[in-house]
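The structure under discussion appears below in the form of structure tokens.
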Amino acid sequence: MTSETVKNFWQAYARKNNLPLEPTPPAWMFGDGTEEMADRLGNLVVKGLKTGTCAAHCIHEIENEPIPKVNDYEIVLDGRNDPLVIIKYTKVELVKMNEVTEAFAKSEGEGDLSYDYWYSAHERFFTWELGQYGRTFTPDLLLVCQTIEVVETYSL
């Protein structure tokens, strides 16, 4: 169910840009479902530091969630499920985790922006996430690597 605030945010943007009012694009928060992680990663997007994100391809399959496509819109939420930004996908690639480039790792905007930080943090996250489904992390885990641009920032 989409909150009225999220729906209104989308519809205002859609009207301004001659886009369909319905359906409202998917709205979600980054991370592990905790308020802290959603806020931390969402704020990196708002600040323009996070222009890339990735997800395990197999999780998309398990959760029957479509893979984003270039030019798709989605709404990023904070840890309280309030809208932060509308994003648009500018690039979507399937890449094995151990083949992710340093440039993409840096685009995620986390930690010291190094590849080593990115790999370590994502290995921990994917080990945890895959474990929820009885799966095991491997270095050749297929990822959906997505490059995003913020097209609208929410303001009260």
Side-chain angles (χ1 to χ4, degrees), residues 1-97 99-111 113 115 117-119 121-122 125-126 128-130 132-133 141-156:
M1 189 61 136
T2 303
S3 79
E4 281 303 306
T5 304
V6 169
K7 184 177 180 179
N8 292 339
F9 179 39
W10 170 253
Q11 289 186 351
Y13 176 78
R15 277 189 202 94
K16 194 165 52 174
N17 292 280
N18 296 317
L19 297 169
L21 299 179
E22 297 289 338
T24 301
W28 49 271
M29 64 177 67
F30 282 103
D32 59 6
T34 62
E35 184 174 333
E36 184 277 327
M37 186 177 266
D39 286 346
R40 181 171 49 82
L41 297 178
N43 284 328
L44 291 174
V45 174
V46 171
K47 292 176 182 174
L49 300 172
K50 183 173 182 60
T51 59
T53 191
C54 65
H57 184 269
C58 63
I59 299 298
H60 280 274
E61 292 175 337
I62 291 167
E63 295 182 351
N64 199 25
E65 181 180 303
I67 306 275
K69 296 180 186 70
V70 170
N71 295 322
D72 280 357
Y73 294 93
E74 294 193 355
I75 300 165
V76 177
L77 305 174
D78 68 13
R80 290 156 304 290
N81 288 311
D82 292 323
L84 288 171
V85 294
I86 297 172
I87 59 169
K88 184 177 182 179
Y89 292 100
T90 60
K91 186 175 185 181
V92 179
E93 297 180 290
L94 299 181
V95 181
K96 291 179 182 174
M97 179 142 166
E99 295 177 4
V100 166
T101 66
E102 286 187 37
F104 184 81
K106 184 176 182 178
S107 80
E108 290 238 22
E110 298 174 53
L113 304 180
Y115 178 84
Y117 179 92
W118 176 88
Y119 193 95
H122 284 75
F125 175 77
F126 290 130
W128 167 81
E129 184 179 44
L130 293 168
Q132 307 290 311
Y133 299 97
L141 175 68
L142 189 61
L143 301 180
V144 181
C145 293
Q146 305 142 68
T147 302
I148 59 175
E149 80 173 294
V150 172
V151 296
E152 189 77 23
T153 301
Y154 183 75
S155 58
L156 294 173

Which atom of [X] lies closest to which atom of [Y], heavy atoms considered:
{"X": "Tyr115", "Y": "Val100", "answer": "CE1-O, 3.3 Å"}
{"X": "Ala55", "Y": "Gln146", "answer": "N-NE2, 3.9 Å"}
{"X": "Val92", "Y": "Val70", "answer": "N-CG2, 4.0 Å"}
{"X": "Cys145", "Y": "Val95", "answer": "SG-CB, 4.0 Å"}
{"X": "Ala56", "Y": "Glu129", "answer": "CB-OE1, 4.4 Å"}
{"X": "Pro20", "Y": "Ala14", "answer": "O-CB, 3.6 Å"}

Original post:
Do side-chain atoms of His57 reach the backbone of Val144 as a donor and acceptor pair under 3.5 angstrom?
Top reply: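 Checking the backbone N and O of Val144 against the side chain of His57, no donor-acceptor pair under 3.5 Å is found.
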Contact between [X] and [Y] at the side-chain level, heavy atoms closer than 4.5 Å - yes or no?
{"X": "Leu19", "Y": "Trp10", "answer": "yes"}
{"X": "Arg15", "Y": "Leu21", "answer": "yes"}
{"X": "Trp28", "Y": "Val76", "answer": "yes"}
{"X": "Leu41", "Y": "Glu110", "answer": "yes"}
{"X": "Pro83", "Y": "Thr5", "answer": "yes"}
{"X": "Cys58", "Y": "Leu130", "answer": "yes"}
{"X": "Glu35", "Y": "Met29", "answer": "no"}

How long is the gap from [atom1] on [X] to [atom2] on [Y], to the nearest 0.5 Å?
{"X": "Lys88", "Y": "Glu152", "atom1": "NZ", "atom2": "CD", "value": "13.0 Å"}
{"X": "Lys91", "Y": "Glu149", "atom1": "NZ", "atom2": "CD", "value": "14.0 Å"}
{"X": "Glu102", "Y": "Trp118", "atom1": "CD", "atom2": "CH2", "value": "11.5 Å"}
{"X": "Asp72", "Y": "Ile87", "atom1": "CG", "atom2": "CD1", "value": "9.5 Å"}
{"X": "Cys54", "Y": "Phe104", "atom1": "SG", "atom2": "CZ", "value": "5.0 Å"}
{"X": "Leu143", "Y": "Thr53", "atom1": "CG", "atom2": "OG1", "value": "10.0 Å"}

Subject >> Test applied, side chain to side chain contact (heavy atoms under 4.5 Å, CB included); reference residue, Phe30; option that passes from Asn43, Asp39, Val45 >> reply: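 Passing option: Val45.
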**OP:** Let me know which of Thr24, Asn17, Val151 forms a side chain to side chain contact (heavy atoms under 4.5 Å, CB included) with Tyr73.
**Re:**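 Answer to the side chain to side chain contact (heavy atoms under 4.5 Å, CB included) test with Tyr73 among Thr24, Asn17, Val151: Val151.
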**OP:** Give the ring-plane orientation class for Phe125 versus Trp128, where under 30° counts as parallel, over 60° as perpendicular and anything between as tilted.
**Re:**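 Ring orientation, 0 to 90° scale: tilted.
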Subject >> Pair Glu108-Tyr117, side chain to side chain contact (heavy atoms under 4.5 Å, CB included): steps then yes or no >> reply: CA-CA 11 Å; Glu108 290 238 22; Tyr117 179 92; over 6 Å; no
